[in-house]
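Every value quoted in this text rests on a predicted model; they were computed, and no experiment measured them. Values below: every heavy atom of this structure, side chains too, minus hydrogens, waters and symmetry copies.
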Amino acid sequence: MPVSRRNHLLQLPDADHFRSLEWIEKANASVLAIGKDYASGLRIPPHSHSRTQLWWARCGVVLVHTPGGRWMIPPGHALLIPAGTEHSAEMVSDVRMHSIYISAASNRADRPLVLEITALVGSLIDALVGAKEEVSSERREQLIMDLLLAEIPRLAERPLGLPFPRNQRLATLCRQFLKTPSANATIDQWADRMGISRRSFTRLFRHETGVSFVTWRQQACIFGSLPRLADGEPITTVALDAGYENVAAFTTMFRRMLGAPPSLYLRDHSS
């Protein structure tokens with residue numbers, strides 16, 4: 001069965017968004033491909049799909065919220081959203097999005113995953129979104145879909161998901177931290193703000209998020225830096241504002257998490 005495509009500029013999110021949702025749910029094609037442009041600051045309300053979604057930020061940065069965490073989609077990456085997962089989204093910058101909806105299998109995990117898009121997968125998605133009916137054949141589309149579905153499980157996961165606690169007091173601290181992330185924040189400072197011991201805090205934090213405070217802090221600092229870097233702010237400014245002593249320390253952490261230094265990362269993923 002051939003892929004179905006829809007391509008347009010999203011101006012009025014409420015009406016057009018829910019029309020798109022209806023189209024996705026009613027379509028019979030096994031794979032749907034949609035391309036949209038979103039304006040910076042636009043918010044998409046909470047919703048879910050009966051299909052697995054691969055949401056690729058062709059350019060721009062998207063912040064996706066789920067009940068269990070927040071997920072950053074920077075340029076050159078995609079968020080794999082399992083079927084039935086409620087999520088909302090906020091455009092951190094102007095965004096060009098290409099999205100693939102898969103009705104069968106290919107659920108790589110039971111939680112959202114940020115995946116780095118390879119040149120091959122990007123070309124396959126572009127082909128599905130941009131193909132014209134009059135020059136495309138059903139056989140060609142099926143071959144593209146088959147190869148895309150075979151390649152998705154091979155994509156590298158990147159740690160751009162940030163688990164969020166259900167504990168309201170702790171969640172408040174996490175939200176405040178995301179507004180002004182700092183690599184210098186300490187366990188003792190957070191424990192004091194919650195009025196509990198260091199040991200109780202570390203236990204609570206790991207129980208609520210599944211990771212240590214130090215790991216979460218590192219992820220949150222990189223998480224918060226991506227939109228600023230995508231906006232063209234100097235790496236030095238972003239690094240120092242995040243509490244790193246120098247650019248080298250920031251670059252080391254950035255490379256450890258994303259596999260490349262900030263300069264190369266942005267150069268490779270800004271087009």
Side-chain angles (χ1 to χ4, degrees), residues 41-48 53 55 57 61-74 77 79-82 84-93 108-115 157-230 233 238-245 249-250 252-254 256-258 262:
L42 186 145
R43 296 175 181 268
I44 296 177
H47 65 285
S48 62
Q53 180 184 10
W55 189 353
V61 178
V62 181
L63 180 62
V64 177
H65 305 256
T66 72
R70 299 186 180 190
W71 311 86
M72 184 77 76
I73 315 177
H77 291 73
L79 182 65
L80 185 68
I81 306 174
T85 301
E86 184 179 80
H87 57 284
S88 59
E90 177 185 351
M91 307 305 136
V92 178
S93 64
R108 176 174 168 178
D110 58 1
R111 61 181 176 86
L113 297 173
V114 178
L115 306 175
E157 181 182 358
R158 295 302 182 193
L160 292 172
L162 200 63
F164 241 65
R166 295 185 181 276
N167 180 288
Q168 291 302 310
R169 293 177 64 199
L170 187 55
T172 297
L173 292 181
C174 290
R175 291 190 188 94
Q176 292 171 349
F177 184 83
L178 279 178
K179 294 179 180 178
T180 54
S182 171
N184 296 323
T186 68
I187 292 174
D188 290 331
Q189 289 171 346
W190 282 48
D192 287 344
R193 293 177 67 181
M194 291 194 68
I196 58 178
S197 70
R198 176 189 176 94
R199 186 174 183 180
S200 295
F201 175 82
T202 56
R203 286 180 175 177
L204 174 65
F205 198 94
R206 184 175 288 278
H207 174 75
E208 288 285 323
T209 65
V211 297
S212 70
F213 172 77
V214 172
T215 297
W216 189 93
R217 182 191 64 194
Q218 292 171 344
Q219 292 176 340
C221 285
I222 299 300
F223 196 88
S225 74
L226 284 170
R228 297 182 62 185
L229 292 171
E233 291 194 40
V238 174
L240 295 179
D241 285 351
Y244 286 86
E245 294 183 358
F250 175 77
T252 297
M253 182 56 63
F254 199 100
R256 183 182 304 167
M257 292 184 63
L258 295 178

Revision key, fill the gap. Output for pair (L170 CG, W190 CH2), nearest 0.5 Å, gives 6.5 Å

Exercise for review: Answer yes or no: are there more than 12 heavy-atom neighbours, outside Q189 itself, under 6.0 Å from its atom CD?
Suggested key: yes

Check your understanding: Going from CD1 on I81 to CD on E86, what distance comes out if it is rounded to the nearest 0.5 angstrom?
Key -> 11.5 Å

Check your understanding: In Å, rounded to the nearest 0.5 Å, how long is the span from CD1 of I196 to CZ of R203?
Key -> 11.0 Å

**Study point:** Residue pair T202 / F213, side-chain heavy-atom distance below 4.5 Å
**Key:** no

Exercise for review: With sequence neighbours left out, write down each residue that passes side-chain hydrogen bond (donor to acceptor under 3.5 Å, both in side chains) with T172, or none if nothing qualifies.
Suggested key: none

**Study point:** Check against side chain to side chain contact (heavy atoms under 4.5 Å, CB included), W71 and L80
**Key:** CA-CA 10 Å; W71 311 86; L80 185 68; over 6 Å; no

Exercise for review: Carefully, step by step, assess L63 and F223 under the rule side chain to side chain contact (heavy atoms under 4.5 Å, CB included).
Suggested key: CA-CA 10 Å; L63 180 62; F223 196 88; 3.3 Å; yes

Review point. So which heavy atom on E208 is nearest to which on R166, and how close?
Key: OE1-N, 2.8 Å

**Study point:** Where W55 and I44 come nearest, the two heavy atoms and their spacing
**Key:** CH2-CD1, 4.1 Å

Review point. Can you name the side-chain hydrogen bond (donor to acceptor under 3.5 Å, both in side chains) partners of N167, sequence neighbours left out?
Key: none

Check your understanding: Do you know the tightest heavy-atom contact between T85 and S48?
Key -> O-CB, 3.6 Å

Review point. Can you check whether C174 reaches F164 side chain to side chain, under 4.5 Å on heavy atoms?
Key: yes

Check your understanding: Roughly how far apart are R228 CZ and S225 OG, rounded to 0.5 Å?
Key -> 8.5 Å

Review point. To the nearest 0.5 Å, what is the distance between CE (M257) and OG1 (T252)?
Key: 13.5 Å

Check your understanding: Can you find a heavy atom in the side chain of L173 that is under 4.5 Å from one in the side chain of F205?
Key -> no

Exercise for review: For the pair M91 and V62, evaluate side chain to side chain contact (heavy atoms under 4.5 Å, CB included) and give the outcome as yes or no after the intermediate values.
Suggested key: CA-CA 5 Å; M91 307 305 136; V62 181; 3.9 Å; yes

Quick one: side chains of residues 214-221, donor-acceptor pairs under 3.5 Å with protein atoms, not counting sequence neighbours, listed by atom name and distance.
residue: T215; atom: OG1; partner: S212; partner atom: OG; Å: 3.0
residue: W216; atom: NE1; partner: P163; partner atom: O; Å: 2.8
residue: R217; atom: NH1; partner: A185; partner atom: O; Å: 2.6

Point to revise | CG on L162 to NE2 on H65, rounded to 0.5 Å | key: 11.0 Å

Exercise for review: Give the intermediate values and the outcome of side chain to side chain contact (heavy atoms under 4.5 Å, CB included) for residues F201 and D192.
Suggested key: CA-CA 9 Å; F201 175 82; D192 287 344; over 6 Å; no

**Study point:** Aromatic ring proximity, centroids under 6.0 angstrom, H87 and H47
**Key:** yes

